[in-house]
Amino acid sequence: MQRVPELARQLYDRFEPVHAVTYFAPEARAAMDNLGYRGFWMGYFAARSAPLGPVAPEVVTALFYNFAPARVAKALPAAWEIAGPQVALRAREESAVAALRRYGVSDDENVCTAAQLAGSAARRAGMDGRALFAANLALPWPTDPVAALWHATTLLREYRGDGHVAALVAAGISGRESNVLHCAAGTVPQDYIKRTRHYDDAEWRACELGLAGRGLLTDAGSLTPAGRDLKDHVETTTDALALHAFDGLGDAEMEALVGALTPIARTVIAGGDMPAVTPMSLRRDF
């Protein structure tokens, strides 16, 4: 098996759907609502940042990278006055497992294999510079096979995300600019990102002008050749960094992990909760 960046992307397309039920499944939304969190975004920021503990909103803004600071500050620390991080963590895991089991993900051989191999990779992966990954790694490891699989995919997802942020920082692209660059590449619709990442027209245009001033966008907001090269470089770097999460697995184990995750991811996608358009730009044709 060739350890090339494309392999990291293949793995991402297979483990991300398992983790992402915590954003899209009705069980997850209901769990956050039942805790008393007000609206989707309070539940999102509380649940995803809960492994960090009740840190300041500035810390969450920095680590999540592409969200509007005012949106994070609206949710945190107010969420912790309603339900603390430990309660949010329990609700997050339990609701994810409930959704996965509803799709038909069970304690079968594929799930046990994927959980064991993904967990082994995550436990051996380096923590340097990967704060969200490390915060999740410090959590107790679930004993239930489906919960262990979800936890392992969450670790791999945050490991990749931490590396993506590092690649953007190294390229000189701010969090708010990264969304604009993502849309200019034709990956997701502009109106979707403006709505889900909370831009007004003035902020969006300011980001476009800033990127255009560096030769990355045209005045109309499309990628220049230099912008395309930079976007490709960020994505390739992200894949290359993400691949290190699997340094502790041998080639046969890597093949077994891909083989086990593939039908699980197909089952989750077939469950129907994953929207057709997401910021993650997942490939589904595998």
Side-chain angles (χ1 to χ4, degrees), residues 16 19-20 22-24 28-29 32-33 35-83 85 88 92 130-133 135 157-158 160-214 216-217 221 223 227 230-231 234-235 238 275 277-281:
E16 176 68 8
H19 161 77
T22 196
Y23 310 123
F24 302 119
R29 177 62 189 271
M32 296 301 114
D33 289 347
L35 292 182
Y37 294 145
R38 298 186 294 272
F40 172 84
W41 288 109
M42 178 176 278
Y44 171 87
F45 289 117
R48 191 177 169 210
S49 72
L52 299 164
V55 297
E58 290 84 355
V59 177
V60 176
T61 300
L63 294 176
F64 287 17
Y65 201 64
N66 60 19
F67 289 93
R71 170 55 63 175
V72 181
K74 185 176 180 180
L76 302 173
W80 306 135
E81 298 172 3
I82 299 168
R92 179 178 79 149
R130 299 182 190 271
L132 275 174
F133 167 74
R157 195 259 194 179
E158 298 296 18
R160 180 185 174 90
D162 287 339
H164 185 56
V165 169
L168 287 165
V169 171
I173 303 297
S174 73
R176 300 303 275 169
E177 289 174 334
S178 71
N179 293 318
V180 177
L181 198 69
H182 199 41
C183 287
T187 313
V188 287
Q190 182 182 127
D191 61 345
Y192 172 82
I193 286 293
K194 288 176 76 172
R195 173 171 51 84
T196 60
R197 294 299 181 265
H198 308 101
Y199 290 82
D200 58 27
D201 290 340
E203 184 187 11
W204 188 270
R205 187 56 181 159
C207 288
E208 285 186 325
L209 291 173
L211 293 168
R214 293 158 55 192
L216 302 175
L217 294 186
L223 287 179
L230 184 140
K231 175 67 172 168
V234 167
E235 297 303 326
T238 298
V277 177
T278 73
M280 295 92 75
S281 306

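The model shown is predicted, which means the values in this text are computed figures rather than measured ones.
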At their closest point, which heavy atom of [X] faces which heavy atom of [Y], and how far apart are they?
X    : Y    : answer
Y37  : A88  : OH-CB, 3.6 Å
L52  : V55  : O-CG1, 3.5 Å
F45  : V60  : CD2-CG1, 4.3 Å
K231 : A185 : CE-CB, 4.0 Å
T238 : A167 : OG1-CB, 3.9 Å
S178 : L168 : CB-CD1, 3.8 Å

Is the closest side-chain heavy-atom distance between [X] and [Y] below 4.5 Å?
X    : Y    : value
W204 : C183 : yes
Q190 : V180 : no
T22  : R48  : no
L223 : L181 : yes
H19  : M280 : no

Return all side-chain donor-acceptor pairs below 3.5 angstrom for residues 64-74, not counting sequence neighbours, or 'none' if the list is empty.
from, atom 1, to, atom 2, distance (Å)
Y65, OH, I173, O, 2.5
N66, ND2, N179, OD1, 3.4
R71, NE, H198, NE2, 3.3

Subject >> Those residues that, when tested against R160, pass salt bridge (Lys or Arg N to Asp or Glu O under 4.0 Å) (two or more places apart) >> reply: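 By the salt bridge (Lys or Arg N to Asp or Glu O under 4.0 Å) rule, R160 matches D239.
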Original post:
Looking at residues at least two apart in the chain, or sitting in another chain, which of them share a salt bridge (Lys or Arg N to Asp or Glu O under 4.0 Å) with E58?
Top reply: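 For E58 there are no salt bridge (Lys or Arg N to Asp or Glu O under 4.0 Å) partners, ignoring immediate neighbours.
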**OP:** Test L132 against V165 for side-chain contact (heavy atoms from CB on, under 4.5 Å), laying out the working first.
**Re:** CA-CA 11 Å; L132 275 174; V165 169; over 6 Å; no
When rounded to the nearest 0.5 angstrom, what distance separates [atom1] in [X] from [atom2] in [Y]?
X    : Y    : atom1 : atom2 : value
L217 : L211 : CG    : CG    : 4.5 Å
F40  : M32  : CZ    : CE    : 10.5 Å
E208 : L216 : CD    : CG    : 12.5 Å

Those residues that, when tested against [X], pass side-chain contact (heavy atoms from CB on, under 4.5 Å) (two or more places apart):
X    : result
P51  : L89, R92, A135, N136, L139
A78  : R38, M42
D201 : K194

Original post:
Does Y199 reach the main-chain N or O of R176 with its side chain, forming a donor-acceptor pair under 3.5 Å?
Top reply: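 Checking the backbone N and O of R176 against the side chain of Y199, a donor-acceptor pair under 3.5 Å is found.
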Original post:
Any donor and acceptor pair, going by atom type alone, linking the side chain of H182 with main-chain N or O of P279 inside 3.5 Å?
Top reply: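 Indeed, once roles are kept as given, a pair shorter than 3.5 Å links the two residues.
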Original post:
Passes side-chain contact (heavy atoms from CB on, under 4.5 Å), T278 versus Y23? Steps please.
Top reply: CA-CA 11 Å; T278 73; Y23 310 123; over 6 Å; no
